[in-house]
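Heads up: the structure comes next, in structure tokens.
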Amino acid sequence: MKKHLSVLALLMRGTIWKFIALLILGTVAEYFFVRMSFGSPAERAVGSLPVKLVFFACFLLLSVLLWASCGDLGAKSSYTIRRLRIDERVVFAWQAVWNSCAYFILWAWQAAVAVWLAQLSLAQLPAEYAGPQALMMAFYRADFLHALIPLLDSSVWVRNALMMLGLGLTGALLPLRQRRGKRGLWIFVYAQFCAAIFPISTGDSNGAGISTIVSVAVIAASVALAVGSREVRDE
């Protein structure tokens, strides 16, 4: 078990501090853009294009950090894993766990920041526009905010969970395939797909259903490719 924890610690150590810095910088940038929009309804201020771009930039940068971890871009990490003599499929499993947790943290952080910024924005409006239901309505009206906190839209909650798992698995599969001398362009396509379909309007069951089906297929394919891979060690 100590070896397994060493792998998890190695994976986290390679990304955690950069990830924390990314969250802080993203929050500062979003606050700046929302502050410029004070006086507008919360859904317009917090769901504006600049805020979306900051979030998706953080998503892409996090993905790059995770993809590079223990892949060909991380020679020292790969060497350490070989010395631990742990099946790379076990490394894949631990990396998938950490990746999925990282995407969950990004989503949860962004959701909390969105609520905070929406409250700040509502505080700048006249009382008649900032009633007790104004915050909830903002997350109903704006596609981006609704994707972050779907409220009673259970299909979007399921979609989000599967997307985080799919991103975690594909992010772990990419370095595994790199170490095998193989490519995984479809992994990048899936990440772009998730970014493109993330904003979703209330009641869009078709959109949630399609993305759910795609994520389930990606999860199944990732597990099958990882389990079916043959480990090759340098003697």
Output the distance between atom [atom1] ([X]) and atom [atom2] ([Y]), rounded to the nearest 0.5 Å.
| X | Y | atom1 | atom2 | value |
| --- | --- | --- | --- | --- |
| Arg44 | Ser121 | CZ | OG | 11.0 Å |
| Leu174 | Gln95 | CG | CD | 9.0 Å |
| Ser40 | Gln124 | OG | CD | 11.0 Å |
| Ile187 | Leu173 | CD1 | CG | 4.0 Å |
| Thr202 | Met137 | OG1 | CE | 8.5 Å |

Just by distance, do the side chain of [X] and the backbone of [Y] share a donor-acceptor pair under 3.5 Å?
| X | Y | value |
| --- | --- | --- |
| Asn160 | Ala147 | yes |
| Ser48 | Ala45 | yes |
| Asn99 | Gly168 | yes |

Same cluster for [X] and [Y] if Ile/Leu/Val/Met/Phe/Trp/Tyr side chains link at under 4.5 Å?
| X | Y | value |
| --- | --- | --- |
| Ile24 | Phe55 | yes |
| Val189 | Ile213 | no |
| Phe139 | Met136 | yes |
| Phe144 | Ile200 | no |
| Trp17 | Tyr103 | yes |

Mind telling me whether Phe104 and Trp107 have parallel, tilted or perpendicular rings, with 30° and 60° as the class edges?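 Trp107 vs Phe104 ring planes: tilted.
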
Over 60° means perpendicular and under 30° means parallel, so tell me whether Trp116 and Tyr31 are parallel, tilted or perpendicular. parallel

Check against side-chain contact (heavy atoms from CB on, under 4.5 Å), Cys194 and Leu167: CA-CA 8 Å; Cys194 290; Leu167 288 166; 4.0 Å; yes

Would you call [X] and [Y] a side-chain contact if the rule is heavy atoms closer than 4.5 Å?
| X | Y | answer |
| --- | --- | --- |
| Leu169 | Leu165 | yes |
| Ser215 | Tyr190 | yes |
| Asp143 | His146 | no |
| Val51 | Val34 | yes |
| Met163 | Ile197 | yes |
| Tyr140 | Asp153 | no |

Should Val46 and Leu145 be marked as a side-chain contact (heavy atoms from CB on, under 4.5 Å) after you check the CA-CA gap, both sets of side-chain angles, and the distance that decides it? CA-CA 8 Å; Val46 186; Leu145 298 182; 3.6 Å; yes

Quick one about Trp67 and Thr170 (side-chain donor to acceptor, distance below 3.5 Å, no hydrogens or angles considered), yes or no?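 No, no side-chain donor-acceptor pair sits under 3.5 Å.
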
Would you sort out whether Leu66 and Trp98 count as a side-chain contact (heavy atoms from CB on, under 4.5 Å), showing the intermediate values? CA-CA 9 Å; Leu66 297 174; Trp98 165 236; 3.8 Å; yes

Do other residues, nucleotides or ligands put more than 12 heavy atoms under 6.0 Å from the CZ atom of Phe38? yes

Looking only at non-hydrogen atoms, find the nearest pair between [X] and [Y] and report the distance.
| X | Y | value |
| --- | --- | --- |
| Lys52 | Gly47 | CE-O, 3.1 Å |
| Pro199 | Ala196 | CD-O, 3.9 Å |
| Ala138 | Ala42 | CB-CB, 4.1 Å |
| Ile219 | Gly166 | CG1-CA, 3.7 Å |

Can you check side-chain contact (heavy atoms from CB on, under 4.5 Å) on Trp109 and Thr27, steps first, answer last? CA-CA 9 Å; Trp109 179 276; Thr27 301; 2.7 Å; yes

Chi angles and distances behind the ring-ring contact (aromatic ring centres under 6.0 Å, His included) call for Phe59, Phe198: CA-CA 11 Å; Phe59 165 74; Phe198 182 74; 8.3 Å; no

